[in-house]
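The structure under discussion appears below in the form of structure tokens.
For this chain, numbers begin at 1 and follow the sequence in order. All values derive from a computational prediction rather than experimental measurement.
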Amino acid sequence: MFKRFAITSAMVLAMSTQSFAADISVEGAWARASAGMARAGAAFMIIKNTGDADKLIAAKAGVSKRVELHTHLHQDGVMKMRQVESVAVNKGMTMLKPGGDHVMFMGLDAPFKEGESFPLTLIFEKAGEINVDVQIKSAGAMGNMQKGMQHNMNKMGHGKGNMKSE
């Protein structure tokens, strides 16, 4: 009897873990190339969640001494970067982007070079670990922000065909 209960419990646990991971997807992970001999870098991405709210609680990568979750705060007219314990991943889309939430790499082993990539493991409170490949873009890249801005402009009626050229 106990053996059957243990097997059933293990199957239920395995199925629930898979369903959480299936609810989270990560798209367009990217980082900017390092400027000179910079010792820090950041990764940005879109996290989609089709299930219950979750949290990004950590990240790990073999490219730096430390990997932290960060955000930017506007305090006294100055933008300041701060480490955070987690990033909320509610149902829908969460963007990790320049000037907002991001994954920070402190003490880079080597500068990020445009055209290269590296593996990153994101750790979610419920979904567990998700591995992504981070593409390194140019030092001035804005990544998916431009696409998101165009999408928002279209929603506001400022998209293609709605603007006057002068």
Worked verdict on Phe105 versus Leu120 for side-chain contact (heavy atoms from CB on, under 4.5 Å): CA-CA 11 Å; Phe105 306 96; Leu120 172 66; 4.0 Å; yes
To the nearest 0.5 Å, tell me how far [X] [atom1] sits from [Y] [atom2].
X      : Y      : atom1 : atom2 : value
His70  : Gln83  : NE2   : CD    : 5.0 Å
Glu68  : His102 : CD    : NE2   : 9.5 Å
Ser86  : Asp101 : OG    : CG    : 9.5 Å
Phe124 : Asp23  : CZ    : CG    : 11.5 Å
Ser25  : Ile130 : OG    : CD1   : 7.5 Å
Thr94  : Met45  : OG1   : CE    : 11.5 Å

Identified side chain to side chain contact (heavy atoms under 4.5 Å, CB included) partner of Lys80 from the options His72, His74, Gln75: Gln75
Same cluster (ILVMFWY, side-chain, under 4.5 Å), Val84 and Leu96: yes
In one Ile/Leu/Val/Met/Phe/Trp/Tyr side-chain cluster, 4.5 Å: Val67, Leu108: yes
Glu129 versus Asn131, side-chain donor and acceptor atoms under 3.5 Å: no
Derivation and outcome, side-chain contact (heavy atoms from CB on, under 4.5 Å), residues Lys126 and Lys55: CA-CA 7 Å; Lys126 295 177 184 173; Lys55 290 181 186 177; over 6 Å; no
Counting only heavy atoms not in [X], do more than 12 sit closer than 6.0 Å to its [atom1] atom?
X      : atom1 : value
Lys113 : NZ    : no
Glu85  : CD    : no
Met37  : CE    : no
Met106 : CE    : yes

Is any side-chain heavy atom of [Y] closer than 4.5 Å to one of [X]?
X      : Y      : value
Met81  : Met104 : yes
Leu56  : Leu69  : yes
Ser117 : Val134 : no
Val132 : Pro119 : no
Arg39  : Lys65  : yes
Phe112 : Val63  : yes
Met142 : Arg32  : yes

CA sep, side-chain torsions, deciding dist, call: Phe118, Ile136, side-chain contact (heavy atoms from CB on, under 4.5 Å): CA-CA 8 Å; Phe118 62 91; Ile136 302 174; 4.0 Å; yes
Ala42 to Ala31 - nearest heavy-atom pair and separation: O-CB, 3.1 Å
N-O pairing of Glu27 and Lys48 below 4.0 Å: yes
